[in-house]
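To keep things clear, I will list the structure first and then write my remarks on it.
All values reported here derive from a predicted model rather than from experimental measurement.
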Amino acid sequence: MRGLRKYEKQEHKKHKRHKISTLVPLVLLVFLSAFVMGCGTNKPVEQPNPEPGVSLTLATKRAQSIDSLSYDLSFTIPSNPSEPITGHEIIRFSTKDITQPLVLDFTPGADYLKSISIAGRPSHYRLVQDHIIIPTQELASEENAIDIQFRAGDASLNRNPEFMYTLFVPARAHLAFPCFDQPNLKARFSLELNIPKEWQAVSNGAETFHEAAGDQVRIRYAETQPIPTYLFAFAAGKFQVETEQRNGRWYRMFHRETDGKKVERNKKAIFDLHASSLEWLEKYTAIPYRFGKFDFVLIPSFQFGGMEHPGSIFYNAASILLDESATENQLLNRATTIAHETSHMWFGDLVTMQWFNDVWMKEVFANFMAAKIVNPAFPNVNHDLRFLVSYYPSAYAVDRTGGTHPIRQELANLDEAGSLYGNIIYDKAPIVMRQLELLLGPEELQNGLRSYLKEYQFGNATWLDLIKILNEHAKLDLNAWSHAWVEEAGRPSIQTEITGRDVSFVQSDPQSGRSLKWTEKLDVLVGPVSRMASIPVELANDRTQLKGLRAGGPAVDFILPTGGGLGYGDFTLDRETRAFLLQHLPEFKDPLTRGAAWVTLWEEMLDKRIQPMDFVSSAMTALNTEDTEQNIQLVLSDVDDAFWIFLSDAQRKDVGPKLEQVLRAGIDRSKSSTTKATYFAAYRSTVTTPEGVAFLQGVWGHKETIPGLKLAEPDEATMALELAVRSVPDAAAILEEQRGRFMNPDRKARFEFVMPALSEQQQTRDAWFDSLKDVKNRRREPWVLEGLQYLHHPLRAASSEKYIRPSLDLLVEIQRTGDIFFPTRWMNATLGGHNTRSAGDTVRKFLAEQKDYPIRLHRIILQAADDLFRAAGS
Ligand SMILES: [Zn+2]
C-alpha cells in the first residue's frame with residue numbers, strides 16, 4: 001500500500017503532515033459486554049460474546065485451531081449500484097478445536113444473511129455484532145464445509161455507476177462477505193463473478209472460464225495461492241484492457257481513461273516499469289514471482305497510491321497516467337509506486353505479517369526495495385538529500401514530542417488498525433531500516449532477507465522472526481538494537497564533547513529511568529570548509545571517541561555529526577560548530593551537508609540553544625545563495641514556523657521587511673516555476689508590512705504580475721483568505737469578489753464554507769466555530785481544517801484562544817466520527833497558531849483533568865502541542 005502524495009498547501013509549513021491523504025475510515029466500535037442465553041437449557045449460561053471488530057484474542061485462538069482454509073465464492077453484480085450484490089460461498093477448513101463455537105466475521109447483519117447450511121443441514125447459528133457464531137455440535141475436526149447464501153455488504157465494495165472494486169485492507173472483507181478476517185489465516189480463494197455483459201472483470205487468479213448468458217457474463221478464476229483476506233480482490237466494470245508482453249510474461253492493464261493519446265503516451269513506460277521491477281526482485285530475492293499472472297487496474301480516485309493485491313494490483317489512475325507536462329518528480333513518484341507495489345509481491349504477499357502491528361514492516365521493505373530499483377534510473381535527483389528532507393523533519397516532528405510511540409505498537413483489535421499509521425511508521429521506520437543495512441552490510445541483509453522469504457513463504461512472520469534470522473548474519477546483537485529502535489519510543493540525545501584535542505560523542509536517553517542505548521552509524525564531517533574530512537563513527541556505548549583527527553592537520557572549524565545525512569537523534573553541537581554553521585553554512589558545497597545542517601540547527605533552536613532570531617537571520621542570508629529546490633523548501637518551511645511561532649511580536653515587526661525582500665528576490669531569481677511557487681507561497685504566508693500586503697493585494701487584483709508564475713484559482717482563493725486574515729480595509733469586499741470569481745463549483749462551495757471563519761466580526765467567527773460541534777458540519781474535513789487554520793491564525797490568536805478548550809473537549813467525538821487522520825489534523829489546526837503561556841496552560845490543564853483518556857488521543861494532543869509548549873516555555 002502506498003499513500004497518495006498530495007501537496008497540501010495549508011500543511012506545508014508543518015512537518016506534522018501525514019503523507020497518506022486518504023485512508024478508508026475505520027469505525028471505532030465500542031466494546032459490547034453482552035451476555036447471552038445458552039441454547040437448550042433453562043439456566044442462562046454466561047458466555048461472553050466476541051468483541052466487535054476482530055480482536056487479537058479471537059484471531060490468536062482461530063489461528064491456532066483452523067487449518068487448510070479455502071473460500072469458494074461467487075458474486076452476482078448488477079450494473080446499478082443501488083441494487084444488491086448477491087453472494088454464495090463455501091468455506092472449507094479443518095479445526096483442532098471443536099469444543100468451542102466457531103466465530104466467523106460478518107458485519108452487515110441478519111438482513112444480509114439468507115441461509116447457512118453445514119453438511120446439507122441448516123445451521124443453528126446466531127448473530128452478534130460483527131460475527132456469526134456456529135455451534136460446536138455442527139463442527140467436525142476434518143473437512144468442514146459451511147455453505148452460506150448472503151447479500152454482500154457494500155461498505156468495502158466501492159460501487160460506482162460504471163464500475164466497482166473491492167478494498168479489504170486492513171480488515172474490511174467481512175464488511176462484504178463472511179470470513180475469518182485476519183492476516184494470519186491465509187486461504188486459497190476460488191471466485192466466480194456474474195457481471196453485466198458489457199463489463200470487464202479482474203481478480204487475483206487467471207480467468208479459467210468465460211460464458212455469456214443473456215445480458216450477463218459468467219467468469220471463473222483459478223484458485224489463488226494462500227493469501228490473507230486483505231489481499232483478496234476483484235474489480236468489475238467498464239474498463240479498457242491493454243495487453244503487452246515483456247520477457248516472456250504477459251501483463252494486462254485495466255483502465256477507464258478516455259484520452260487514447262494519453263494511454264498511448266504512457267503505456268510503454270508503465271509495462272516496462274513493472275517488468276523491470278519484477279525482474280530485479282526475482283534476482284534480489286532469488287525467488288521467482290509466485291502468483292501466476294500479473295494484471296493491474298488503474299482506478300479513478302483510488303484511496304491510496306496503490307494496493308498490492310497479488311496478480312491484480314490496484315493503482316490511483318492519476319499517479320500512473322501522467323500528463324505531457326509531468327515533472328521529473330512525478331515520473332520518479334510513478335516509478336517508485338510501481339516498484340513499491342511490485343516489491344510487496346514478496347514483502348507482504350508471499351510472507352505476511354502475523355498481525356497488523358507489524359504492518360510497518362511490509363511498508364518499509366517495499367519502500368526500501370523501491371528506492372534500490374528506481375533511484376539509479378534518475379541520476380539527476382540527489383536521492384540522499386531527498387531521503388533526508390522527506391523523512392527526518394517529519395520523523396522528528398513526532399519523535400521529539402511527549403506524544404511519540406514505538407514503531408511497533410500494540411494493537412488489540414483490527415478495527416483500530418488505522419490509528420497505527422502516522423509519521424513514526426512512514427518516516428522514522430525508513431531511517432531505521434537504512435541504519436540496519438549500514439550496520440549489517442548490504443550483502444548480509446540481502447542474504448538474511450532471502451532466508452526469511454524462503455522460510456516463511458506463503459506463511460506469516462513477525463518482526464522478531466526476521467530479527468532472529470538476521471542475527472545469524474550480524475556481528476552485533478540485533479535484539480538490543482531492535483529493542484531500542486523499533487520497540488521503544490523516542491530518539492537518543494547525542495552531545496559533542498571536546499576536551500583538548502579529544503572529541504567524543506556522548507549519548508543519553510532523554511526518557512528518565514530507561515537508560516536505553518542506541519547503536520547507529522554516523523558520517524561525521526570535520527573541517528575547515530576547504531579541506532573537509534568525512535569520518536565514519538559507530539555509536540554504540542555511552543561515549544564514542546572520534547578517531548582520525550590528525551595531529552598537525554588543519555585547524556578544526558566545525559564538527560558536524562549529522563554531516564553525511566545519516567545520524568538520527570537530538571544532537572547538541574559544540575559551541576564553536578554552532579556559531580560556525582550560523583555564519584558559514586552557505587559555504588558548504590554539498591547540498592546534502594547543507595540540508596543536514598539545517599535539520600540539526602532547527603532542532604538546536606527548538607531546544608533553545610539557538611535564538612529564533614539568529615536562526616531566521618542565518619536562514620535569510622543562506623536563501624540568497626541556496627540553489628537546491630529541496631533545501632529551499634526545507635529552509636522556507638522552518639522560517640515560516642519560526643516567524644509566526646517563535647519570534648516575539650517586536651522581533652517579527654523588526655525582521656518582516658527584510659524577510660519580504662529576501663522572498664521577493666527569491667521569486668525573481670528562481671528559474672523553475674516550482675521554486676518560484678515555493679517562494680511565493682512563503683511570501684503570501686509571512687507578508688506583514690503595508691507595502692508587502694499592498695503588493696499581494698495587487699497580485700490578487702490582477703494589477704501586478706509575477707513573470708514566470710501562473711496563478712490558478714486555488715492560489716487566488718488562498719491570496720484572498722490571506723488578505724482577509726490580515727484585516728485589510730476592504731477584506732469583506734475581497735472575499736465577496738473572490739466568491740464571484742470561482743468557475744469550479746466545488747472550490748466555490750469550499751470557499752463559502754471557510755469565509756465566516758475569516759469574518760471581521762467576532763460573533764460570526766464564534767457561530768462558525770459552534771457549528772462544528774454538529775457532526776454534519778464536519779463532514780468536509782479539509783474544509784473544516786482550512787477554516788480552523790485561519791480562525792487560529794497567529795494574527796487572530798488572542799481572540800481564538802477561547803476555542804482551544806472546546807476543541808479539546810470534542811476530540812473523542814472527532815475520532816469517533818471522522819477519518820483516521822482527522823484527530824491529528826484537527827489538533828494541529830487548533831494549536832498551530834498559538835504560542836502563549838495561557839494557551840499552553842489550557843492544554844496542560846485539560847490533560848491533567850482527564851481520567852482514562854484514550855492513550856492515542858493523549859499522544860496526538862502532546863504531538864500537536866509540542867511547538868506551543870516550547871514557544872511558551874510551559
Ligand atoms: Zn505499501
Side-chain angles (χ1 to χ4, degrees), residues 5 7 12-13 15 17 326-333 336 371 374-396 427 430-431 434 523 525 527 529-530 532 534 558 560 562-567 580-605 615-642 659 661-683 685-686 708-709:
R5 288 186 177 253
Y7 184 76
H12 87 277
K13 63 183 172 194
H15 296 310
R17 79 198 158 91
T327 61
E328 181 163 56
N329 217 17
Q330 284 173 307
L331 293 168
L332 175 58
N333 270 335
T336 303
V374 169
N375 290 358
F378 291 82
N380 294 331
V381 175
N382 185 332
H383 295 287
D384 289 335
L385 180 60
R386 187 167 180 257
F387 189 93
L388 179 96
V389 301
S390 320
Y391 296 133
Y392 281 71
S394 30
Y396 286 165
D427 302 309
I431 296 170
R434 189 171 68 165
D523 183 3
L525 292 188
V529 176
S530 56
M532 208 152 54
S534 148
F558 67 90
L560 185 56
T562 55
L566 286 186
F580 184 86
L581 292 179
L582 286 173
Q583 283 290 317
H584 298 282
L585 209 157
E587 295 164 23
F588 288 88
K589 293 251 161 12
D590 185 350
L592 175 64
T593 314
R594 297 198 298 275
W598 281 118
V599 172
T600 309
L601 291 177
W602 177 250
E603 298 294 306
E604 290 262 25
M605 192 221 72
F615 182 93
V616 173
S617 300
S618 287
M620 288 193 305
T621 310
L623 282 168
N624 286 324
T625 51
E626 180 59 65
D627 55 3
T628 308
E629 186 165 335
Q630 311 201 57
N631 280 335
I632 292 171
Q633 284 171 352
L634 176 73
V635 174
L636 286 178
S637 124
D638 287 346
V639 166
D640 191 307
D641 230 7
L659 177 60
Q661 270 175 24
V662 169
L663 299 177
R664 285 284 295 275
I667 299 170
D668 293 342
R669 191 178 53 241
S670 302
K671 291 185 190 76
S672 80
S673 60
T674 49
T675 312
K676 260 186 211 295
T678 304
Y679 268 113
F680 182 67
Y683 177 85
S685 167
T686 55
L709 185 65

Which heavy atom of [X] sits nearest a heavy atom of [Y], and at what distance?
X	Y	answer
M605	A642	SD-CB, 4.5 Å
H383	F378	NE2-O, 3.0 Å
S673	G708	CB-O, 3.9 Å
L592	G565	CD1-CA, 4.4 Å
D668	K676	O-NZ, 3.7 Å
P393	V599	CG-CG2, 4.3 Å

Query raised in the report: Would V381 and R386 count as a side chain to side chain contact (heavy atoms under 4.5 Å, CB included) if you check the C-alpha gap in whole Å, the side-chain angles of each, and the deciding distance to 0.1 Å?
Result: CA-CA 8 Å; V381 175; R386 187 167 180 257; 3.9 Å; yes
### Task
Report yes or no: does Y683 contribute a side-chain atom to a donor-acceptor pair with the main-chain N or O of V662 at less than 3.5 Å?
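No, Y683 side chain to V662 backbone: no donor-acceptor pair under 3.5 Å.
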Margin query: Looking at E603 and T600, would you say the former's side chain and the latter's main chain have a donor-acceptor pair under 3.5 Å?
Written below: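 Checked: no pair found.
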Checklist line | L601 vs L585, side chain to side chain contact (heavy atoms under 4.5 Å, CB included): CA-CA, chis, key distance, verdict | finding: CA-CA 10 Å; L601 291 177; L585 209 157; 3.5 Å; yes
Do D640 and T686 pair up side chain to side chain, a donor and an acceptor below 3.5 Å, judged on atom types alone?
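Absent: no donor and acceptor within the cut-off.
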- Item | Contacts of type ring-ring contact (aromatic ring centres under 6.0 Å, His included), residue F387, not counting sequence neighbours |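 Y391.
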Show, in sequence, the C-alpha distance, side-chain angles and deciding distance for D627 and R594, and conclude whether the salt bridge (Lys or Arg N to Asp or Glu O under 4.0 Å) test is met.
CA-CA 11 Å; D627 55 3; R594 297 198 298 275; 3.5 Å; yes
Item to complete: Quick one: do Y679 and R669 satisfy side chain to side chain contact (heavy atoms under 4.5 Å, CB included)? Show the steps, please.
Response: CA-CA 10 Å; Y679 268 113; R669 191 178 53 241; 3.4 Å; yes
* Asked: From L634 CG over to T628 OG1, what is the distance, rounded to the nearest 0.5 angstrom?
  ->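 Taking CG in L634 and OG1 in T628, the distance rounds to 11.0 Å.
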inquiry  = Parallel, tilted or perpendicular: which one describes the rings of F580 and F558, with boundaries at 30° and 60°?
reply    =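 If you compare the ring of F580 with that of F558, the planes turn out parallel.
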